[in-house]
Amino acid sequence: MSIKNICCLGAGYVGGPTCSVIAWKCPDIKVTVVDLSVERIAQWNSEKLPIYEPLLDDVVKECRGKNLFFTNDIKTAILEADLIFISVNTPTKTFGNGKGRAADLKYVEGAARMIADIAQSDKIVVEKSTVPVRAAESIQNILYANNKPGVTYHILSNPEFLAEGTAINDLLYADRVLIGGENSGAIEQLCKIYEHWIPRKNILTTNTWSSELSKLAANAMLAQRVSSINSLSAVCEATGADVSEVARAVGLDSRIGSKFLQASIGGSCFQKDILNLVYICECLNLPEVAAYWQQVIDMNEYQKSRFTAKVVQALFNTVSGKNIALLGFAFKKNTGDTRESPAIYVAKTLLDEGATLNIYDPKVEESQIFKDLTHPSICESPEQVRKTVKVCEDAYSATKGTHAIVVCTEWDEFMVLDYKKIYDGMMKPAFIFDGRKILDHEKLLEYGFHVQTIGKQLRKPTPPPRMTNNHHV
Ligand SMILES: NC(=O)C1=CN([C@@H]2O[C@H](COP(=O)(O)OP(=O)(O)OC[C@H]3O[C@@H](n4cnc5c(N)ncnc54)[C@H](O)[C@@H]3O)[C@@H](O)[C@H]2O)C=CC1
Ligand SMILES: O=C(O)[C@H]1O[C@H](OP(=O)(O)OP(=O)(O)OC[C@H]2O[C@@H](n3ccc(=O)[nH]c3=O)[C@H](O)[C@@H]2O)[C@H](O)[C@@H](O)[C@@H]1O
């Protein structure tokens, strides 16, 4: 038997792009993506997709209505499917045991219960969400606790390694696809799907627990590199070394490699997975291992707070009553996702210090910015946030009349702005804080900006020419 019908539970940043690519590459397979959210499914069926991801629109347009469907009819989709991906969210728990660290598996459990309630025939159930090691065991227990006679489930782990902003390319040209499981027949069926476009040598099969742990390990090691270079950026600022030069020199060692060595104001999505890894290590009574990975998270937090403290300090230790422009709100370029975005931290700190903010991001909706900044964990007074934050249409209107600019996301368009024009429209002295190291700092200094960035000391701006008698007309 080969797979003819796929259902994906969860139409998010993973379920949507992954299933769109599967549908595109496997025209003989019907792919149905379902979600509990009526609004999200309506967006997937509209002209404006619920997530921004380069190339995604093209792939969806190519397949939607042919062999790719988005629906809230979860029941029919599960009944028809031979294979079901669980791609639901696994956020950090906000309550009870493991609060603030453990992954909240309620959505995974909910998905497993739905399958158990609805399924009438054999299913391959594929865990695509990022989960703690041995989560597949819990899924299996739920499925078999409600077992109907004659229905067999095979549970596989198939973690996703795509990064937002490059999801389609990551899916099309994956370094590897990882499939963990115990049933060789089920593994083979999933391999066959990927083999439509991924060379067999790049499809790795392991036992279930190795697969689950490899996902957390990959994210932990990526995060560790970012934390390592960020820690060195502080040393650079204190010594006169330049972190970009250090990263280049270090990265040319083929054992180290040059990717993922970009110092910045701090990372994102990683955080929930490393927190989860730390929690698992503690539960396994491995405190030294837990402390090791905790330090990776702590360094990320330190980087955010260090950068924001520098902003306040440079602005004469007070931002109260000052108007500051935040360029970028997404956690990285080419996505509208703001989950764990360092911009939220920067905005919160500046608002707490009494600043007013103008925020501009090319892809984050105004409603999302206010949702993030008025979240109870961020602010006590949503009214106050609404009074002190303005979401702007473009970078020029956001920066006009402000005392300072903070670049929070590395959007390409921020590199090519007319900074002379921006400087002229700002209060003086005009400050710019490049949290992503994307701007031409020497040019900015020439225009008269006070410039600060990560991992590099910059000289003072050239002072304006002194007035002499010759200048009087
Ligand atoms: N965002 C990313 O770049 C990556 C995320 N992951 C992992 O993939 C998983 C999903 O992440 P995202 O897609 O970003 O989350 P998301 O929050 O964008 O999407 C999850 C969707 O699942 C839906 N959902 C929850 N319970 C459901 C149920 N029982 N039936 C149907 N739909 C249900 C939610 O309504 C939501 O729309 C997480 O475990 C995440 O850690 C893995 C690799 C990359
Ligand atoms: O499991 C996940 O959620 C995904 O997490 C990351 O993907 P993502 O968070 O989308 O984006 P990254 O490109 O990894 O960036 C994460 C953060 O680190 C920052 N970063 C990244 C690289 C770098 O060199 N420096 C740096 O500061 C980015 O700006 C961003 O804020 C991983 O790269 C994916 O492989 C993984 O599938």
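Under the 4.0 Å criterion applied to side-chain N and carboxylate O atoms, K192 and E195 are not assigned as salt-bridge partners. The pair E109-R113 meets the salt-bridge criterion, since a charged nitrogen lies less than 4.0 angstrom from a carboxylate oxygen. A salt bridge does not link K215 to E127: none of the charged nitrogens lies less than 4.0 Å from a carboxylate oxygen.
Tested against I280, the residues L213, L216, V289, L286 include a single side chain to side chain contact (heavy atoms under 4.5 Å, CB included) partner, L216.
A heavy-atom distance below 4.5 Å is found between the side chains of K25 and L172.
Both cation-pi conditions hold for K30 and F69: the charged atom is under 6.0 angstrom from the six-membered ring centre and inside a 45 degree cone around its axis. Both the sub-6.0 Å distance and the 45° axial angle are satisfied by R176 relative to the ring of F161.
More than 12 heavy atoms of other shown residues, nucleotides or ligands fall within 6.0 angstrom of atom OH in Y144. Counting non-hydrogen atoms of other residues, nucleotides and ligands closer than 6.0 Å to CG of D253 gives a total above 12.
A donor-acceptor pair is defined here as one N or O able to donate and one able to accept, closer than 3.5 Å; such a pair exists between the side chain of N358 and the backbone of A398. With hydrogens and angles ignored, the 3.5 Å screen pairs a side-chain donor or acceptor of N158 with a backbone N or O of L178.
Under the 30°/60° scheme for interplanar angles, the aromatic rings of W411 and Y52 are found to be tilted.
Taking every heavy atom of both residues into account, L49 and R64 meet most closely at CD2-NH1, 3.8 Å.
Here the CG-CZ distance, from L327 to R436, works out to 12.5 Å after rounding to the nearest 0.5 Å. Atom OH in Y360 sits 6.5 Å away from atom CG in D394 (nearest 0.5 Å).
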Listed pairs under 3.5 Å, donor-acceptor, residues 376-393 side chains, sequence neighbours left out:
unit_1: S377; atom_1: OG; unit_2: H375; atom_2: ND1; d: 2.8
unit_1: S381; atom_1: OG; unit_2: Q384; atom_2: N; d: 3.0
unit_1: T388; atom_1: OG1; unit_2: Q384; atom_2: O; d: 2.7

